[in-house]
Amino acid sequence: FTHLRADSHINSLHGTVRDKSSGVALPGVLIYIEELKRGAISSHSGSFQIEHLPAARVHVRISMLGYKSINDLVNIDSTVHREYVMEESI
């Protein structure tokens, strides 16, 4: 007998952030979902994960000092994976 709960399916956003010119992983990047006021900071390997998200279409901002910010419109409907490549600002 398997008991299924209504919250057994969890939406999440995860992925990695890299430098455009070198391809190197970027730690310390802020990944922020504006509508939900939730975010994460990329790890030393450039990876990030934001869990327990409602199904929604959201604006995600990826930012770090010294780099151009990225704005991404994401449809959160399951586990969503994104690869972001950041360009240094002049």
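For this chain, numbers begin at 1 and follow the sequence in order.
- Among the candidates L26, V17, I62, the single residue satisfying the side chain to side chain contact (heavy atoms under 4.5 Å, CB included) test with Y67 is L26.
- Residues passing the side-chain hydrogen bond (donor to acceptor under 3.5 Å, both in side chains) test with R38: none are found, sequence neighbours excluded.
- In this structure, CG on N11 lies 9.5 Å from CG on N75, to the nearest 0.5 angstrom.
- Every residue meeting the side-chain hydrogen bond (donor to acceptor under 3.5 Å, both in side chains) condition with S22, not counting sequence neighbours, appears here in chain and number order: D19.
- Note that the CD1 atom of I31 and the OG atom of S63 stand 8.0 Å from one another [nearest 0.5 Å].
- In this structure, I76 and P54 have side chains that are not in contact, with every pair of non-hydrogen atoms separated by 4.5 Å or more.
- Under a cut-off of 6.0 angstrom, the local environment of CG in L73 is crowded, with over 12 non-hydrogen atoms contributed by other residues, nucleotides or ligands.
- Atoms OG1 and CD, on T79 and E51 in that order, are 8.5 Å from each other to the nearest 0.5 Å.
- Distance CG/D72 to NE2/H59: 9.5 Å, rounded to 0.5 Å.
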* To do: Test side-chain contact (heavy atoms from CB on, under 4.5 Å) on V60 and Y84 and set out the steps.
  => CA-CA 11 Å; V60 179; Y84 294 112; 4.2 Å; yes
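- Taking the side chain as every heavy atom from C-beta outward, V29 and F48 never approach each other to under 4.5 Å.
- With sequence neighbours excluded, the residues forming a salt bridge (charged side-chain N to carboxylate O under 4.0 Å, His left out) with E87 are K20, K68, listed by chain and number.
- Here the closest heavy-atom approach between residue A25 and residue H44 is recorded as CB-O, 4.3 Å.
- Under a 3.5 Å cut-off, the side chain of N71 and the backbone N or O of R61 do not form any donor-acceptor pair.
- Hydrophobic clustering keeps V80 apart from Y32 (ILVMFWY residues linked when any side-chain heavy atoms are closer than 4.5 Å, directly or through intermediates).
- Heavy atoms only, all atoms of each residue included: G28 and I41 are closest at CA-CG2, 3.5 Å.
- Note: R82 CZ to T16 OG1 = 12.0 Å, rounded to the nearest 0.5 Å.
- When atom types are taken as modelled, the side chain of S42 and the backbone of S47 share no donor-acceptor pair closer than 3.5 angstrom.
- Here the closest non-hydrogen pair linking E88 and S21 is OE2-OG, 4.3 Å.
- Surrounding NE2 of H81 are more than 12 heavy atoms belonging to other residues, nucleotides or ligands, all under 6.0 Å away.
- Hydrophobic clustering keeps L30 apart from I50 (ILVMFWY residues linked when any side-chain heavy atoms are closer than 4.5 Å, directly or through intermediates).
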